[in-house]
Amino acid sequence: MTPTLVDPHAVPAVLRPYFTELVRRTHRLCGARLVSVVAVGSVALGDYRHGRSDVDVTVVLDGPPPASLLLDLAAELAHPALPCPAAGLELAVYDVGFAARPSGDAGYLLDLNTGPLLPFAGQVAGADAP
């Protein structure tokens with residue numbers, strides 16, 4: 001399977017190479033566990049402002065992966081390993097079972113904030129996760 005953008009024209013041109021590489025790296029690391037990679041927030045709403053907006057991405061996996069995979073994913077996607085052309089990347093990884101139902105819980109497996117204008121923060125879910 002070759003990862004592709006579902007509607008590349010819906011993504012601002014300045015972000016297309018970044019999203020393509022983000023999806024490629026995520027697919028390479030997660031393989032058959034990968035269910036989806038979805039742009040949310042300003043990109044999805046058509047309100048992205050280059051130089052000001054960050055990019056929000058939700059990754060859904062089939063089954064919770066080992067913590068080592070999540071750490072590898074964070075390392076591969078963190079700026080500057082994957083230079084973010086936006087103000088920053090806010091990425092959340094969820095298990096498909098959690099993503100399929102409404103919840104008030106955080107529920108993430110990985111929460112990653114990184115980028116040129118965004119202070120780095122990365123957390124693998126645990127008992128103390130907010």
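A quick note: this is a predicted structure, and the numbers were derived from the prediction, not measured.
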Quiz item: Do you know which two heavy atoms are closest between Y94 and A99, and how far apart they sit?
Solution: CB-CB, 4.3 Å
Quiz item: Out of curiosity, D54 CG to R49 CZ, how far, rounded to the nearest 0.5 Å?
Solution: 13.5 Å
Quiz item: Hey, any chance V96 and L91 share a hydrophobic cluster, counting ILVMFWY side chains that come within less than 4.5 Å of each other, even indirectly?
Solution: no
Quiz item: Are the side chain of D95 and the backbone N or O of G63 linked by a donor-acceptor pair below 3.5 Å?
Solution: yes
Quiz item: Between L109 and V124, is there a shared hydrophobic cluster once you connect ILVMFWY residues whose side-chain heavy atoms come closer than 4.5 Å?
Solution: yes
Quiz item: Has the side chain of T114 got a donor or acceptor atom that lies under 3.5 Å from a matching backbone atom of L89?
Solution: no
Quiz item: Tell me, do P65 and L70 make a side-chain contact under 4.5 Å, heavy atoms counted?
Solution: yes
Quiz item: Would you say R25's side chain and L77's backbone share a donor-acceptor pair under 3.5 angstrom?
Solution: no
Quiz item: For L82 and Y18, what are the C-alpha separation, side-chain angles and deciding distance, and is it a side chain to side chain contact (heavy atoms under 4.5 Å, CB included)?
Solution: CA-CA 8 Å; L82 177 58; Y18 177 74; 3.6 Å; yes
Self-check item: Criterion side chain to side chain contact (heavy atoms under 4.5 Å, CB included) on R24 and E21, from CA distance to verdict
Solution: CA-CA 5 Å; R24 188 191 71 74; E21 183 61 14; 2.6 Å; yes
Quiz item: If you round to the nearest 0.5 Å, how far is CZ of R33 from OG1 of T26?
Solution: 14.0 Å
Self-check item: Side chains of V59 and S36 in contact at under 4.5 Å (non-hydrogen atoms)
Solution: no
Quiz item: In the single-linkage hydrophobic clustering (I, L, V, M, F, W, Y; side-chain heavy atoms under 4.5 Å), do L118 and L15 co-cluster?
Solution: no
Quiz item: When hydrophobic residues are tied together by side-chain contacts of less than 4.5 Å, even through go-betweens, does L34 share a cluster with L22?
Solution: yes
Practice problem: Compare all side-chain heavy atoms of C84 with those of P116 and state whether any distance is below 4.5 angstrom. | Solution: yes
Quiz item: To the nearest 0.5 Å, how far apart are CD in E76 and CG in L29?
Solution: 5.0 Å
Quiz item: Relative to the ring of H50, is the ring of Y48 parallel (under 30°), tilted (30 to 60°) or perpendicular (over 60°)?
Solution: tilted
Quiz item: S103 side chain to D105 main-chain N or O, any donor-acceptor pair under 3.5 Å?
Solution: yes
Self-check item: Residues H79, F120; criterion side chain to side chain contact (heavy atoms under 4.5 Å, CB included); working and verdict
Solution: CA-CA 9 Å; H79 180 86; F120 179 85; over 6 Å; no
Practice problem: Looking only at non-hydrogen atoms, find the nearest pair between V55 and A86 and report the distance. | Solution: CG1-CB, 3.9 Å
Quiz item: Atom CG in D56, atom CD in E90: separation rounded to 0.5 Å?
Solution: 5.0 Å
Practice problem: Could you walk me through whether V57 and F19 pass side chain to side chain contact (heavy atoms under 4.5 Å, CB included), step by step? | Solution: CA-CA 9 Å; V57 175; F19 275 115; 3.5 Å; yes
Quiz prompt | Cluster check V38, V35: I/L/V/M/F/W/Y, side chain < 4.5 angstrom | solution = no
